[in-house]
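Notes follow once the structure below has been shown.
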Amino acid sequence: MARIKKQNYSFALGKRKTASARVRLFKGKGENMVNAITIEKYFPGAVNKEYWQRPFVLTETLEKYYVSAKVQGSGKGGQLDALVLGITRALSDANPEKFKPALKKAGLLKRDSRIRQRRMVGMGGKSRRAKQSPKR
């Protein structure tokens with residue numbers, strides 16, 4: 001019978017709009033990857049870099065952990081929000097008594113549940129549009 005290797009990572013799921021991110025947080029030094037692409041190439045720019053690094057900066061673990069994630073659905077903005085929530089949850093699971101208070105205080109452990117409003121019947125194909133009046 002084969003031995004099952006013990007997990008050496010912390011797993012978490014992050015969601016935003018229709019995007020979902022499956023995040024694995026590893027201890028040590030390594031390359032941060034999203035969908036087998038480096039995170040700097042997948043989410044380019046200084047603003048995006050500052051945003052996904054925020055959980056690491058708050059917990060002072062920027063060079064102590066690295067991430068491997070799979071994201072799908074929505075657009076790049078929703079995917080980035082889902083990734084940050086996944087990273088935050090994984091860090092919180094890795095060391096709850098040390099990391100959770102700082103992450104909770106910063107508001108990163110909350111899931112943003114806002115999604116697109118679906119179309120309504122009788123509204124001319126949109127969710128908030130009123131039908132045009134036939135009178136002139």
Side-chain angles (χ1 to χ4, degrees):
M1 194 164 110
R3 280 185 75 186
I4 298 172
K5 187 178 177 186
K6 190 173 184 246
Q7 290 182 342
N8 60 345
Y9 60 86
S10 181
F11 176 81
L13 188 70
K15 290 186 175 185
R16 171 75 171 101
K17 294 187 179 180
T18 57
S20 65
R22 294 174 292 168
V23 177
R24 288 180 176 180
L25 183 76
F26 296 93
K27 199 170 189 121
K29 290 195 178 228
E31 193 72 39
N32 292 311
M33 304 290 276
V34 175
N35 293 352
I37 302 170
T38 61
I39 199 166
E40 286 84 10
K41 284 185 183 176
Y42 198 84
F43 297 114
V47 174
N48 290 340
K49 183 175 183 178
E50 186 177 320
Y51 188 58
W52 69 258
Q53 283 183 346
R54 192 159 178 239
F56 294 117
V57 170
L58 286 171
T59 56
E60 298 167 0
T61 56
L62 195 54
E63 296 295 322
K64 297 174 186 168
Y65 289 96
Y66 67 98
V67 170
S68 173
K70 300 257 188 217
V71 294
Q72 60 187 20
S74 197
K76 291 284 188 175
Q79 287 181 354
L80 182 60
D81 287 342
L83 176 71
V84 170
L85 180 61
I87 291 170
T88 304
R89 285 180 173 172
L91 276 170
S92 179
D93 288 347
N95 195 343
E97 61 275 350
K98 189 174 179 186
F99 298 152
K100 195 170 182 177
L103 295 170
K104 192 169 182 141
K105 188 176 180 186
L108 291 176
L109 280 172
K110 290 182 183 173
R111 186 206 186 290
D112 192 350
S113 62
R114 294 177 294 169
I115 59 170
R116 181 181 159 267
Q117 185 177 355
R118 302 295 180 228
R119 68 172 297 273
M120 305 294 171
V121 177
M123 297 292 269
K126 299 289 181 180
S127 59
R128 293 174 181 245
R129 180 178 177 260
K131 273 198 170 174
Q132 187 175 358
S133 173
K135 295 182 178 177
R136 289 277 169 207

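All values below come from the heavy atoms of this structure, side chains included, with hydrogens, waters and symmetry mates left out.
- One N or O on the side chain of Q79 and one on the backbone of G73 form a donor-acceptor pair closer than 3.5 Å.
- A salt bridge (Lys or Arg N to Asp or Glu O under 4.0 Å) check over residues 73-93, counting only residues at least two apart or in different chains, returns the pairs R16-D81.
- The hydrophobic cluster around I115 extends to none of the other residues, as no ILVMFWY side-chain heavy atom falls under 4.5 Å of it.
- Judged by distance alone, the side chain of S127 and the main-chain N or O of M120 form no donor-acceptor pair under 3.5 Å.
- Within the model, atoms NZ of K110 and CG of L103 stand 13.5 Å from one another, a figure rounded to the nearest 0.5 Å.
- A ring-ring contact (aromatic ring centres under 6.0 Å, His included) check over residues 35-67, counting only residues at least two apart or in different chains, returns the pairs F26-Y66.
- Heavy-atom minimum distance, A94 versus L25: CB-CD2, 4.3 Å.
- Applying the salt bridge (Lys or Arg N to Asp or Glu O under 4.0 Å) test to E50 and every residue at least two apart in sequence or in another chain returns nothing.
- Applying the side chain to side chain donor-acceptor pair (under 3.5 Å) criterion to T88, with sequence neighbours excluded, gives no partner residue.
- In terms of the ring pair (Phe, Tyr, Trp, His ring centres under 6.0 Å) criterion, F99 has no residue partners (sequence neighbours excluded).
- Heavy-atom contacts from other residues, nucleotides or ligands closer than 6.0 Å to CD of E40 number more than 12.
- Separating the OG1 atom in T61 from the NZ atom in K98 is a distance of 8.5 Å, to the nearest 0.5 Å.
- Expressed to the nearest 0.5 Å, how far CZ of R129 lies from CZ of R119 amounts to 11.0 Å.
- Remark: K41 engages I37, T38 in a side chain to side chain contact (heavy atoms under 4.5 Å, CB included) (not counting sequence neighbours).
- Partners of K126 according to the salt bridge (Lys or Arg N to Asp or Glu O under 4.0 Å) rule, which considers only residues two or more places apart in sequence or in another chain, do not exist here.
- Note: R22 CZ to N35 CG = 9.0 Å, rounded to the nearest 0.5 Å.
- Residues forming a side chain to side chain donor-acceptor pair (under 3.5 Å) with R116 (at least two apart in sequence, or on another chain): none.
- Remark: R114 engages D112 in a side chain to side chain donor-acceptor pair (under 3.5 Å) (not counting sequence neighbours).
- Under the side chain to side chain contact (heavy atoms under 4.5 Å, CB included) criterion, A106 pairs with R54, L58, L108, sequence neighbours left out.
- Legend: residues meeting side chain to side chain donor-acceptor pair (under 3.5 Å) with S68, ordered by chain and number and at least two apart, are absent.
- Shown are V84, V67, L91, L85; of these, the side-chain contact (heavy atoms from CB on, under 4.5 Å) with V23 is made only by V67.
- Residue L62 is grouped with residue L83 when hydrophobic side chains (ILVMFWY) are merged at heavy-atom distances under 4.5 angstrom, including chains of intermediate members.
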